[in-house]
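When reading the values below, keep in mind they use all heavy atoms of this one structure, side chains included, and skip hydrogens, waters and symmetry mates. Just follow the structure's listing: the first ligand is 1, and inside any ligand the first atom is 1.
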Amino acid sequence: MPVCWLNGSFVAEQDAHVSIFDRGLLFGDGVYEVAAVVNGRLLDADRHLVRLSRSLAAIGIPDTQPTAVWLDVMQQLATQNGVHEGLVYLQVTRGVAERDFPFPAQVVPTMFAYARPKLLLADPNAAGVRLLTVPDLRWQRCDIKSTSMLAQVLAKQSARAAGAFEAMMHEDGLVTEGGSSNVWIVRDGTLCTRPTSSDILAGITRDVVLEIAHEAGVPVRERAFTVTQALAADECLMSSATSFVLPVTRIDDHTIADGAPGPVTMRLRAAYLARATRLTQ
Ligand code: PMP
C-alpha cells in the first residue's frame with residue numbers, strides 16, 4: 001500500500017485527507033515541486049528545494065520546513081514505496097481557512113508529498129515526441145511554480161486530444177515553454193532557449209542542460225525564438241525533471257529536419273543520463 005507524507009506524518013495514501021476548505025483546493029493557492037528518483041536516490045532535490053523556497057517567498061507562504069527535513073521525507077518516500085526510478089511530488093498550500101480571497105490570519109500551511117515509479121533512463125519517448133502549438137493563456141508570474149494551472153491543463157489536454165506528447169505554448173508566435181517543460185532548438189550547432197523571466201518557469205533541468213552544454217562545448221544562446229523558427233530548426237528538444245531531455249521530431253503536422261532525433265539533442269540526453277547515474281550511485 002503506497003505511503004505518502006502529510007503535515008509531518010507518513011500515512012497510507014488512502015488515509016491521507018485534506019479539508020474542503022484548503023486554499024489549495026479553493027484557489028489553487030499553493031506551490032509544488034517534482035524531483036526525479038534514479039537508482040533509488042533523489043536527483044537534484046536540493047535545487048528543487050531552493051526553487052520551492054523562492055516560490056513560497058513569492059506568494060508569502062511561510063517556509064517553515066528545513067531543507068534537511070524535506071530531503072529526508074522525500075528520500076524516505078522513495079525508499080518506503082520501493083521507487084527505484086520515478087519521482088517525488090511535493091506541495092505546500094497556504095492552508096485551511098474560511099473561504100475569503102485575501103490571506104487569512106494565523107493559517108498553517110498544508111504540506112504533503114508522495115512518490116511514484118516512472119521509467120526515466122530508458123524512456124521510450126527518447127525516440128522522439130510530437131508537440132502541439134497552443135496559445136499561452138497564462139498569467140504574468142509563470143516563474144512561480146504555482147498549483148494554479150488551468151491554462152496548462154487545457155494546453156496539455158489539447159495536445160493529448162491531437163495525439164501529441166506535449167504542448168508548445170506561444171505568445172503571438174513567440175515560444176514561451178512547454179505545458180510542463182522547457183523547449184529548445186538547435187540552429188547551426190547553437191543551442192537556443194528562451195531566457196528566464198516571469199514569462200516562463202526556470203526549469204531545474206534547463207539549468208543542468210545549460211551546464212552540460214557548456215561542459216560539452218556546445219554554443220548556447222538564451223534567446224526567445226518563434227514557432228516558425230522552431231519548425232525550421234535543425235533540432236528541437238524539450239526538458240523537464242521527469243523527462244530529462246527528449247527529442248522533438250514533430251511540431252503540429254510538421255516534421256523537424258529529417259524526423260530523426262538530432263545529434264546535439266542525443267549528446268545532451270546521454271550526458272544528462274550519465275550525470276544522473278553518477279550523482280545517484
Ligand atoms: N516549465 C513548466 C511550465 C513546467 O511545469 C515545468 C515542469 N515543472 C518545467 C518548465 C520544467 O521544469 P523542471 O526542469 O524543473 O522540471
Side-chain angles (χ1 to χ4, degrees), residues 28 30-38 42-56 58 70 74 85-92 113-114 116 118 120 123 125 129 131-160 165-171 174-185 191 193-213 222 224-225 230 236-246 248 265 268-269 271-273 275-276 279:
V31 297
Y32 76 107
E33 279 297 331
V34 182
V37 176
V38 177
L42 298 165
L43 180 64
D44 294 320
D46 48 346
R47 296 190 188 211
H48 285 276
L49 291 170
V50 168
R51 188 172 62 185
L52 175 70
S53 293
R54 182 187 181 280
S55 295
L56 289 168
W70 270 123
M74 293 166 81
E85 197 169 302
L87 60 92
V88 174
Y89 175 99
L90 67 88
Q91 183 173 321
V92 182
Y114 67 84
R116 280 289 178 277
K118 186 176 190 284
L120 299 176
D123 190 340
N125 294 307
V129 298
L131 305 186
L132 184 80
T133 57
V134 296
D136 193 336
L137 302 177
R138 296 175 301 165
W139 68 330
Q140 294 177 13
R141 288 303 306 272
C142 297
D143 55 314
I144 301 170
K145 198 163 169 62
S146 157
T147 57
S148 305
M149 284 193 287
L150 195 48
Q152 281 116 304
V153 167
L154 298 178
K156 289 176 79 87
Q157 174 55 28
S158 297
R160 174 153 323 160
F165 177 72
E166 166 69 306
M168 185 167 96
M169 300 189 287
H170 64 88
E171 279 175 354
L174 208 55
V175 174
T176 48
E177 59 188 328
S180 58
S181 56
N182 292 108
V183 182
W184 313 64
I185 56 172
L191 187 61
T193 197
R194 192 174 174 115
T196 53
S197 71
S198 55
D199 295 337
I200 66 165
L201 184 75
I204 302 301
T205 319
R206 180 187 179 282
D207 275 351
V208 173
V209 169
L210 287 174
E211 290 168 17
I212 286 174
E222 290 186 69
F225 54 87
C236 183
L237 51 145
M238 52 172 276
S239 65
S240 80
T242 55
S243 65
F244 297 170
V245 175
L246 291 181
V248 174
T265 305
L268 292 172
R269 180 170 173 86
Y272 193 94
L273 262 56
R275 175 183 176 278
L279 290 181

The reported gap from CD1 in Ile204 to OG in Ser239 (rounded to nearest 0.5 angstrom) is 10.5 Å

Residues Tyr272 and Ile212: closest non-hydrogen pair is CA-CD1, 3.6 Å

Hey, is ligand 1 close enough to Val34 that some N/O pair sits below 3.5 Å? no

Scanning both residues in full, the closest heavy-atom pair of Asp136 with Glu171 reads CB-CG, 4.0 Å

Ranked by distance from atom 11 (C) of ligand 1, the top protein heavy atom is Asn182 OD1, 3.7 Å

Next on the checklist: Between Glu177 and Arg138, is there a side-chain heavy-atom distance shorter than 4.5 Å?
Outcome noted: yes

inquiry  = Can you tell me if Phe244 contacts ligand 1 (heavy atom of the residue under 4.0 Å from the ligand)?
reply    = no

Are Leu191 and Leu237 close enough, and set up right, to give a side chain to side chain contact (heavy atoms under 4.5 Å, CB included), and what steps lead you there?
CA-CA 10 Å; Leu191 187 61; Leu237 51 145; 4.1 Å; yes

Does Arg54 pair with Glu33 as a salt bridge, N-O distance under 4.0 Å? no

Worksheet item: Contact between Met149 and ligand 1, counting heavy atoms under 4.0 Å?
Response: no

Discussion item. With a cutoff of 4.0 Å, is Gly179 in contact with ligand 1, counting heavy atoms of the residue only?
Written reply: yes

Minimal heavy-atom distance between Phe225 and Arg194, with the atoms involved, is CE2-N, 4.5 Å

of all protein heavy atoms, closest to atom 16 (O) of ligand 1 is Ala241 N, 2.9 Å

| said: For Glu166 and Ser181, which I'm curious about, is there any donor-acceptor pair between the side chains at under 3.5 Å? | reply: yes

Correct closest heavy-atom pair for Val88 and Val37 would be CG2-CG2, 3.8 Å

Ligand 1 to Glu177 polar contact by distance, N or O atoms, under 3.5 Å: yes

Less than 3.5 Å between some nitrogen or oxygen of His48 and one of ligand 1, yes or no? no

Next item on the list: State whether the shortest distance between N or O atoms of Ile204 and N or O atoms of ligand 1 falls below 3.5 angstrom.
Entry: yes

If we number the atoms of ligand 1 from 1 as shown, the ones under 4.0 Å from a heavy atom of Lys145 are 5 (O), 7 (C), 8 (N)

of all protein heavy atoms, closest to atom 14 (O) of ligand 1 is Thr205 OG1, 2.6 Å

Next item on the list: Before signing off on this row, confirm whether Gln152 and ligand 1 have an N or O atom pair separated by under 3.5 Å.
Entry: no

Atom 7 (C) of ligand 1 has as its nearest protein heavy atom Ser180 O, 3.3 Å

The option among Gly203, Ala35, Ser146, Ser181 carrying the non-hydrogen atom nearest to atom 10 (C) of ligand 1 is Ser181

